[in-house]
Amino acid sequence: MIFQPAALALLFAASLNALLLGGAGVFALHLLRYWNPASGGERQIALERRTWLVSTLVGLALLVSLPALALFARTADAMAPFFTGAMCAVGSLQANAWGLPALLAQLLLFFLAAAWLIINHLDQLGWDTPLIRRKYLLLLILAPLAVIQAGLLWLYFLNLNPEVITSCCGSLFGPESGGVASDLAALPVDGSRPLFFAALLATLATGGFFLATGRLGTLFGVLSGIQFLVAIAAVVAFIAPYIYEQPNHHCPFCLLQAEHGYAGWLLYPPLFLGTAAGIGVGLATSARGKESLAETAPRVARGLARLALAGLGGFGLAAVVYIARSNLVL
Amino acid sequence: MNAWIERQRGLIDFTVANLARRKGRNLGLFLAYALLVFLLASVVLFGDGLRREARLLLADAPELVVQRLTAGRHDLAPEAWLEQLRGLRGVGAVSGRLWGYHFDPTVAANLTVQVPAIDPPPPGRVLLGAALARARGLAAGDVLSLRDHAGKPYAFTVGGMLDARSELVSADLMLVNEADFRAFFGIEPGRYTDLTLAVANPREVRKVAEKVLARLPAARVLTREETRRTYEAVFNWRQGLLLTFLATVLAAFALLAWDKASGLSAEERREIGILKAVGWDTGDVLKMKLWEGALLSITAFLAGYVLAWLHVFYWGAPLFAPVLKGWSVLYPSFALAPRVDLEQLATLAFLTVLPYVAATVVPVWRAATLDPDEVIRE
């Protein structure tokens, strides 16, 4: 199983990420201990030089993590025929205990790496690297996460056993499973639909207000994060059934398949990018207080806000179009 | 945003000029890089193409195949089994198949002899697969003489060729009618090579298989899903094995890239020193160096991928075909349906570009953090 080319590629990328970020994590400990901008000593200069390497490495990790996320979802989907009972990525991911945690860790890694890069960008804009401690504290979370993610991925691929009978998405999102997934699927449409559009509109409106006045940036960041969770819940609760035109099919992974017009590939990337940029607006706004960033942070925040509005707006638009086109009446 | 794009454009301009100035050195790296992509991409493209063909073929296969086992070996199934299976709930059409192998000393290969379920050729006539017809130099109307089970010559008239598009499965195939088949192999009437069952509801296939086994304990039941899984696993495994071997090539390439990136000439070091002295900061030099790697990666990746694509889809993948296809005497010559898919591209990029970037990032950083004062003084 592990001999699948895509699996080899994923394992290679994750291991490399773990190695690079793990090394960066060790450096972060060192830096947090010895960093002293007032000093002109040799150690300080070496540290300053090394920060360039670390930011390049994390940038690389982020660059890899989004395609890796997509490739992982696709590979899990393509492996479904190997497992009795599996019909899409969910079945393959549930073939052992490590699949879903590996995917979630990958998702978290993407958002954290995006946040780190935004903080890093701001930090490099200020002449006194004002966010350096914040940045390296975050790296202390990012590095172990990358190691854990690689570990989970190895455990997942090494322990795949085609003899295992897994369950398809119908049972994960069905009433019997009794977990978060089935609770999401069971959300009443009458309540969740207005809630989703209210959350989306509130987020977009806050973003627009921020662009117009430069205020409420932090709120926009927080709302973007919440909106992401609401959006995922909404996909499971009603957007997916609308696309499948089946009231009982809630799977967010089957959306990635050709049978459903690759709808997932239109919905998820803008949502992910929009959310990451939106959270970035919050981060940039909160950095405004630093003296050296008073001018540049708002500018960065505005650029990110535009990106976030485009992403979230694109996601909302795609969802509205899919719902309007659907023959399903919920 | 515009300023940012302008800045990157400036950097790219500078980098391209830089690359062009050191043509020989960069060309060597480019060739090694493109060769690596070519090798890996050929394996991935060819394996995926084969897998897709197998999947298409199996889509029309019967849901269940029942074989009789005697002392653990495949044996001919009696006609009485057909009746017994027809009574099972959930089973649609049940039919017996006749097929077998015949060793032909002239081409020194095993031929697959089969009775087609629909439109069997008239008595005495045979339809030939294209590779077999090529090997024997036969055309429609010629006589094909083979020795039957008793060693006596048995003459068939070639009725025609099988569609060359299906050559992957029909390369060594010979289609005959039932009477000729039984006479040629000496199989008495009422016996079949194996039996096929159609099951209308795919979710019942496993249950029906269990029922067949309960009713016919001497049978072996093969499901279509299992067959498909086996094919996928075999192709995956072969492909993965080749890729693992190629990992050594990958490691060698990473070493080469590392070496090239870290061995800065005195001239290059001075250049970086001067750039820094005229106001570039570490970030700018780093960006320029990363652009250098990115441009090289993009061009080498494209070149390697396009070559691999041609190699697999137009030239029949002569380098890897024997390993990936399996071992056989009569090789089918077939063209895989050309296709580009994003998943494949991502896989390949992960396997080739990532090692390059990983190997060069530290040397690049070293170069970018050179102290201008120190370098210019050297």
Side-chain angles (χ1 to χ4, degrees), chain A residues 1-17 19-20 23 45-46 48-57 59-61 63-64 66-75 77-85 87 121 124-125 162 165 256 258 262 265 302-303 306-307, chain B residues 1 4 40-41 43-45 47-48 51 55 203 206 223 225-226 228-233 235-244 246-247 250 281-283 285-287 289-290 341-355 357-359 361-362 364-366 368-371:
Chain A
M1 196 63 62
I2 201 170
F3 269 143
Q4 190 141 1
L8 289 175
L10 281 171
L11 286 174
F12 177 70
S15 311
L16 200 67
N17 247 347
L19 199 73
L20 297 179
I45 290 181
E48 278 173 19
R49 276 192 184 162
R50 204 153 273 246
T51 55
W52 284 106
L53 178 62
V54 170
S55 53
T56 314
L57 291 180
L60 186 64
L63 206 63
V64 169
L66 193 58
L69 191 62
L71 188 61
F72 190 28
R74 264 301 293 148
T75 310
D77 202 35
M79 285 192 310
F82 286 109
F83 304 101
T84 308
M87 295 173 86
H121 181 61
Q124 287 177 348
L125 286 177
I165 296 180
L256 300 171
Y262 298 114
W265 300 103
R302 290 170 67 84
R306 274 190 213 106
L307 192 65
Chain B
M1 200 66 185
W4 185 84
L40 288 168
V43 172
V44 170
L45 281 173
D48 283 4
R51 252 204 314 260
R55 217 174 296 153
R203 298 169 79 169
R206 287 177 82 83
T223 67
E225 278 310 300
E226 262 167 31
R228 175 175 164 194
R229 222 173 292 158
T230 312
Y231 269 109
E232 295 253 340
F235 286 136
N236 271 343
W237 185 79
R238 283 187 184 156
Q239 212 180 8
L241 207 62
L242 263 183
L243 286 181
T244 316
L246 288 176
L250 201 69
D281 68 11
T282 303
V285 181
L286 202 62
K287 276 194 198 99
K289 283 275 167 195
L290 290 176
D341 108 37
L342 279 179
E343 187 191 346
Q344 240 171 33
L345 281 174
T347 303
L348 282 170
F350 274 15
L351 287 176
T352 54
V353 177
L354 210 52
V357 177
V361 68
V362 171
V364 160
W365 161 76
R366 282 231 172 90
T369 47
L370 283 174
D371 189 359

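All heavy atoms count here, side chains included; hydrogens, waters and symmetry mates do not. In what follows, chains carry the letters A, B, and so on, assigned in the order in which the sequence lines appear, proteins first and then strands, with residues in each chain numbered from 1. As the structure is a computational prediction, the values presented were derived from the model and not from experiment.
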Residue part contacting chain B, namely of [X], when any heavy atom lies under 4.5 Å:
| X | value |
| --- | --- |
| A:Leu19 | neither |
| A:Thr75 | both |
| A:Ala68 | both |
| A:Leu53 | both |

Please look at [X] and chain A and tell me whether the side chain, the backbone, both or neither of the residue comes under 4.5 angstrom of a heavy atom of that chain.
| X | answer |
| --- | --- |
| B:Asp371 | both |
| B:Val362 | both |
| B:Leu40 | neither |
| B:Val44 | side chain |

As an exercise: rank B:Ala247, B:Ala368, B:Gly283 by heavy-atom pairs under 4.5 Å with chain A and give me the winner.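 Max contact count across the listed options: B:Gly283.
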Option that, when pairs with chain A are counted at under 4.5 Å, heavy atom only, ranks first among B:Glu225, B:Arg229, B:Arg206: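 The residue among B:Glu225, B:Arg229, B:Arg206 with the greatest pair count is B:Arg229.
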Under the side-chain hydrogen bond (donor to acceptor under 3.5 Å, both in side chains) rule, collect the residues that match up with B:Glu226, sequence neighbours excluded. none
What residues, two or more places apart in sequence or in another chain, satisfy side-chain hydrogen bond (donor to acceptor under 3.5 Å, both in side chains) together with A:Ser15? A:Trp154
Heavy atoms from other residues, nucleotides or ligands near CZ of A:Arg50 exceed 12 (cutoff 6.0 Å):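 No, because the 6.0 Å sphere around CZ of A:Arg50 holds 12 heavy atoms or fewer from other groups.
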Tell me the closest heavy-atom pair linking [X] and [Y], and the distance in Å.
| X | Y | answer |
| --- | --- | --- |
| B:Leu250 | B:Leu351 | CD1-O, 3.1 Å |
| B:Phe350 | A:Val64 | CZ-O, 3.8 Å |
| B:Leu354 | A:Phe12 | CB-CE2, 4.2 Å |

Please evaluate residues B:Trp365 and B:Lys289 with respect to the criterion side-chain contact (heavy atoms from CB on, under 4.5 Å), reporting the C-alpha separation (whole Å), side-chain torsions for both, the decisive distance (0.1 Å), and the verdict. CA-CA 9 Å; B:Trp365 161 76; B:Lys289 283 275 167 195; over 6 Å; no
